[in-house]
Amino acid sequence: MSYENLATKYRPGNLTEVMGQETIKQTLQNAVKLGRIAHSYVFYGPRGCGKTTIARILAMTLNCHRPKDGAPCGKCASCVEIAESKSLDVLEIDAASNTGVDKVRSVIIEQVSFAPSRDKYKIYILDEVHMLSTGAFNALLKTVEEPPAHVVFIMATTEQNKVPLTILSRSQCFRFRPISEADIIARLKEITAAEKIKTEPEALKIIARSAGGAMRDAITLLDRAASFGHGEVKTGVLNELLGHPGDEVVNTMALALVKRDAAALHSAFDRLNAEGHDPLAALRDLRNNFAEAFLAAQGFSKDVEPVKGLPPGTPPALLARLSRKLSVIIEEVKFSDALPIAAEMALFTLIEVPQDLEGLLKKLEGLEARLSSGDSPEPPPAGDQKKNDALASPHFFPGPGQSAGQAPQADTRGGTAAAAAPVKQAVSSPVTAETARPQPTVPKALAPHFGPGTGKSAGPADAWKKMLGQVSSKMPGLYNVMLSVRIVFSEENKWRLLSSNKFETGMIERSRVELEGMLERYAGRKITLVPECAALPVRAAKEPDLDDSGPAAPGEEETMLEDSLEAEAAQEAAAAPKPEGHRQVSAGTEPELKHLNKVFHGRITKITKVK
């Protein structure tokens with residue numbers, strides 16, 4: 001007698017021998033016992049999970065002459081013939097070989113009206129039914145919807161999405177799941193015991209993991225390994241057969257990635273290539289080990305140490321990120337014409353990518369918390385200040401008896417050094433043409449400050465900075481608008497916000513009540529904000545003297561805090577040497593500049609035209 005492969009020899013003969021699919025088995029058993037037999041079934045799921053096997057068992061159950069508790073006897077003529085694919089009343093059709101309308105018409109439609117030759121039902125098993133053409137499905141549609149009482153259709157497919165919905169809606173559909181590794185190992189142990197094959201527990205685990213949930217693949221791989229190992233299935237032999245690099249090499253690669261050790265990673269790849277292992281298999285094992293290590297760190301896996309020798313304190317999130325990125329690398333390099341080089345270079349990119357993202361995340365969370373609480377973040381460098389950052393400086397808001405730009409005197413009675421720190425820093429900085437220019441003054445009567453009874457120790461500058469910090473976290477769009485407005489103090493508790501853009505003015509007006517509430521909370525008093533749309537005034541050509549810190553002229557009704565950075569940029573641009581080939585243009589000589597002034601609602605300080 002010729003040799004029979006293990007997958008065919010140990011094919012289940014009844015539902016109790018089928019591993020997994022408990023819901024489907026219970027449903028079909030109850031349907032047979034209660035006589036609730038549907039006229040059409042659709043079995044779909046991945047390969048090797050029992051679709052065709054259960055279809056044959058269902059056919060044997062329906063046509064068995066001596067069934068027992070909804071299970072076939074396996075000994076009657078009908079059961080034997082169905083098991084050997086010789087029954088005249090059970091037709092197993094390969095849909096991939098009979099895809100056309102003519103085949104469906106001649107094999108099914110024209111024969112379906114004839115009664116079964118001996119058994120109770122005439123059963124059509126259509127394997128890989130998704131391979132039928134659209135015309136064949138349409139021709140079969142009416143027959144599937146209203147077949148004769150003695151006909152049952154059982155259709156199996158791995159691609160349910162290719163089966164028309166009109167067929168699925170007329171059938172009972174059952175979804176088959178991949179078989180678990182535990183069920184596969186249990187079945188392999190039964191087969192090896194019956195065949196007297198010597199195995200190692202770790203070898204069976206490797207076979208079950210490599211099968212990908214397909215029982216047929218696992219049994220076929222066991223048959224192949226037994227032939228290769230002369231009746232013995234050992235881990236080393238199996239790794240050589242499958243091209244797996246082994247746990248030692250994979251573990252070395254994993255530690256090299258975690259420790260970001262490029263030399264160790266290159267050494268592991270040299271060994272991988274010297275022994276002729278498959279780089280793609282090594283990447284898959286590496287990905288699976290990182291995933292198992294993450295699950296073990298979270299307490300979800302029974303495997304105690306999937307990656308041996310991990311440094312203490314390795315964050316579990318790092319293991320999860322490496323596993324996810326390795327999945328992307330596998331999809332990227334599997335079609336490469338130089339697979340070993342592509343795989344090694346891809347892993348080197350993982351070493352270069354910064355892995356400690358949790359530290360960066362904590363810094364961002366701390367910044368967000370400070371902004372939400374109203375505290376201002378650390379100021380950026382002076383060259384990167386926003387437009388009205390100078391407004392937040394304390395010397396823009398003089399207290400009683402001081403003029404704008406005048407440094408507050410140190411407390412001779414032991415005041416804190418923190419209050420004088422900004423002044424000290426300003427005095428120690430070098431004096432240039434930009435820093436020596438005095439700031440515009442604010443009348444003493446209109447200068448906003450906190451009185452003794454306000455109950456608040458923060459000044460208006462701090463109140464404005466805290467309000468901007470809270471606006472930046474809650475309303476980022478409005479925050480950008482607030483940075484570009486000009487503030488005019490016309491009265492004690494009334495601040496005018498000037499903008500040359502009507503849209504920006506409207507945004508401030510819609511949020512005015514909320515902004516006033518923030519200011520009142522931080523300033524300790526009610527401050528009215530008046531958004532206005534007006535052309536921003538141009539600074540006078542004459543600058544005040546450096547030593548002029550006295551009060552404003554008597555006829556002056558309001559003082560505007562102008563943008564100091566724009567003036568400094570203009571002075572630097574005027575002092576900078578002009579490169580050859582460039583010339584400055586003006587609106588009077590260039591019509592393009594007039595057009596740009598209309599498009600951008602603001603001032604264009606300079607345009608350099610290149611020849």
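Between the side chain of S511 and the backbone N or O of I508, no donor-acceptor pair lies under 3.5 Å. Judged by distance alone, with hydrogens and angles left aside, the side-chain atoms of D261 form no donor-acceptor pair with the main-chain N or O of L257 at under 3.5 Å. Checking side-chain atoms of S327 against main-chain N and O of S323 turns up a donor-acceptor pair under 3.5 Å.
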**Prompt:** Do K502 and E509 pass the salt bridge (charged side-chain N to carboxylate O under 4.0 Å, His left out) test, and can you show the C-alpha distance, the side-chain angles, and the key distance before you say yes or no?
**Reply:** CA-CA 10 Å; K502 292 183 179 180; E509 179 63 35; over 6 Å; no
Subject >> Worked verdict on F294 versus L318 for side chain to side chain contact (heavy atoms under 4.5 Å, CB included) >> reply: CA-CA 8 Å; F294 170 75; L318 171 62; over 6 Å; no
Practice prompt. Go through the steps to decide whether F153 and V151 satisfy the test side chain to side chain contact (heavy atoms under 4.5 Å, CB included), and finish with yes or no.
Written response: CA-CA 7 Å; F153 288 99; V151 172; 3.7 Å; yes
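Looking only at atom types and distance, the side chain of S87 has no donor-acceptor partner in the side chain of D89 under 3.5 Å away. There is no side-chain donor-acceptor pair under 3.5 Å between N5 and Y10. Under the 3.5 Å distance criterion, with hydrogens and angles disregarded, a donor-acceptor pair is assigned to the side chains of E200 and T235. Side-chain contact check for D183 and S180: at least one donor-acceptor pair (N or O, by modelled atom type) lies under 3.5 Å. For the 3.5 Å distance criterion, the side chains of D119 and H65 qualify, holding a donor opposite an acceptor. Side-chain N/O atoms of S78 and N63 include no donor and acceptor closer than 3.5 Å. Looking only at atom types and distance, the side chain of N30 has a donor-acceptor partner in the side chain of Q26 under 3.5 Å away.
By the 6.0 Å contact criterion, CD on E195 is enclosed, its count of non-hydrogen atoms from other residues, nucleotides or ligands being greater than 12. Crowding of K103 atom NZ: a count of heavy atoms from other residues, nucleotides or ligands under 6.0 Å not exceeding 12.
In this structure, Y44 has its ring center at least 6.0 angstrom away from the ring center of F176.
For the pair R170 and L141, the minimum side-chain heavy-atom distance is below 4.5 Å.
In summary, K325 and E332 do not engage in a salt bridge, as defined by a charged side-chain N under 4.0 Å from a carboxylate O.
Each of L58, T52, T53 was evaluated against R56; a single residue qualifies, T52, per the side chain to side chain contact (heavy atoms under 4.5 Å, CB included) test.
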